[in-house]
Protein chains: 2
Amino acid sequence: MRMTRKDIISLLQLKGVKPSAARLQIMQICCDSDLPLDVQEVATLLKNEIHLSTIYRTLEKFVAVGILECIDFQEGKFRYEFVRDHHHHVVCNDCGKVADIKDSGIEKIEQSVSLQTGFIVTKHSLELFGLCNKCQRSTHHV
Amino acid sequence: MRMTRKDIISLLQLKGVKPSAARLQIMQICCDSDLPLDVQEVATLLKNEIHLSTIYRTLEKFVAVGILECIDFQEGKFRYEFVRDHHHHVVCNDCGKVADIKDSGIEKIEQSVSLQTGFIVTKHSLELFGLCNKCQRSTHHV
DNA sequence: ATTCTTGCAAAACGTTTGCAATCCG
DNA sequence: CGGATTGCAAACGTTTTGCAAGAAT
C-alpha cells in the first residue's frame with residue numbers, strides 16, 4: 001500500500017505514537033510490503049541501520065495501537081502486517097508463496113463458538129497451508 | 001483419553017515407531033492430558049526423568065507420523081495434543097482456560113480458499129482467543 | 001555388528017530487558 | 001529541563017544439533 005511520509009506521520013499522530021525517525025522508517029517498510037514481514041526482514045530492508053531491539057519495541061507498539069497485525073505462520077517467529085482490511089493467508093509449504101484470503105467467513109465460526117462455549121471471542125488466528133499452483137505442477141515432491 | 005500401555009504399544013507399532021520406554025512414557029502423558037501440553041510440562045509430568053532433547057525429538061516424531069498434533073497458542077512455543085478428532089480451541093486471555101470447539105466448519109473455508117487461490121490446502125491452524133465465562137464476570141479487567 | 005535411541009553439552013534462534021546515551025518537545 | 005526513544009550488551013526461553021554412550025535387534 002502506497003503511503004507518503006505525511007500519511008504515515010498523520011497516522012502515527014492519530015494513534016498517539018510520536019513519529020520519530022526510526023518509527024517512520026519502520027512504518028514505511030511495513031506499508032510498502034504487501035506481505036507480512038518478520039523482524040529480521042524489516043532490519044535488512046532498513047540496511048541494519050536500526051537496532052533489532054528498537055524494531056521489536058516499535059513493532060510491538062504498532063500492534064498495540066492497532067496499525068499492525070501480528071501474524072504467525074508457525075515458523076517459530078512472528079510476522080507483522082499493515083492493517084488495511086483484516087484478512088487471512090494461505091502459505092505454500094514448498095516455495096513460501098503467500099496468497100491473501102478475502103471473506104473467510106470466520107465471523108460465523110466466532111459466533112457459533114461463543115454460543116457453544118460461553119467465551120467472548122476477541123481475537124483469532126487463522127492460517128492455511130498447502131501447495132500453490134506452481135508447486136502443484138513441479139515434480140520434486142511426487 | 002484413557003489408553004492402556006498395550007494400546008499405546010500397538011499404536012506406535014502401527015505407525016512404525018519403535019515403542020521404547022521413553023516413548024511410551026511420553027505418549028502416555030500426552031494421551032492422559034485433555035489439553036495441549038508444552039515440552040516443559042511434559043518434562044515436569046515425567047519428573048524430569050527424560051531429557052528435554054529427547055522429548056523434543058520424540059514429539060517431533062509423533063507429529064510426523066500423525067499421532068500428535070502441534071498446536072500454537074502464540075506463546076512463543078508449541079504445544080502438543082493427542083489426535084482423536086481434529087478440533088480447535090478457544091483460549092482465555094485471562095486465566096488460560098482452554099475449551100474445545102467442535103464442528104468449526106472450517107472445511108467450507110478451505111474449499112472456498114482453494115477455489116479463490118488455486119492452492120491445494122493441506123493444513124490449517126485456527127485458534128480463537130477471548131474471555132471465558134468466569135473471567136467475564138471478574139472485576140480486574142473492567 | 002549394526003542400527004536406533006538417549007543424554008549431555010553446547011549452540012542457535014527469536015525475543016526481551018536494564019542501562020546509559022541521546023533526542024526532542 | 002524532563003520524559004520518551006534508541007543502541008548496546010547481556011540475558012532469556014525455546015528449540016536444535018553433534019557427539020558419544022547405551023540399548024535393542
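Quick note: numbers below take in every heavy atom, side chains included, and nothing from hydrogens, waters or symmetry partners. Here is the naming used below: chain letters follow the sequence lines, and residue numbers restart at 1 for every chain.
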Start and end of chain B contact along DNA chain C [non-hydrogen atoms, under 4.0 Å]: dC4(C) to dC8(C)
Option among I101(A), I109(A), I106(A) that satisfies the side-chain contact (heavy atoms from CB on, under 4.5 Å) test with L126(A): I106(A)
According to a hydrophobic-cluster definition based on side-chain heavy atoms being under 4.5 Å apart (Ile, Leu, Val, Met, Phe, Trp, Tyr only), do [X] and [Y] belong together?
X      : Y       : answer
V98(B) : F119(A) : no
V65(B) : Y56(B)  : yes
I67(A) : L37(A)  : yes

Reported [atom1]-to-[atom2] distance for the pair [X] and [Y], which is rounded to 0.5 angstrom:
X       : Y       : atom1 : atom2 : answer
L128(B) : I120(A) : CG    : CD1   : 14.0 Å
L68(B)  : F82(B)  : CG    : CZ    : 8.0 Å
E69(B)  : R84(B)  : CD    : CZ    : 10.5 Å
E41(A)  : C30(A)  : CD    : SG    : 10.5 Å

Counterpart residues, salt bridge (Lys or Arg N to Asp or Glu O under 4.0 Å), relative to E49(B) (two or more places apart): none
Residue list, salt bridge (Lys or Arg N to Asp or Glu O under 4.0 Å) with D72(A), at least two apart or on another chain: none
Heteroatom pairs (N/O) under 3.5 angstrom, protein to nucleotides 21-25 of chain D:
none

Geometric class of the H124(A)/H88(A) ring pair [parallel <30°, tilted 30-60°, perpendicular >60°]: tilted
Neighbours of DNA chain C within residues 19-30 of chain A, by heavy-atom distance under 4.0 Å: none
N/O donor-acceptor pair under 3.5 Å between R23(A) side chain and V17(A) backbone: no
Interface residues of residues 36-68 of chain B with DNA chain D (non-hydrogen, below 4.0 angstrom): V39(B), S53(B), Y56(B), R57(B)
Spacing of F78(B) atom CZ relative to dT14(D) atom C1', expressed in whole Å: 10 Å
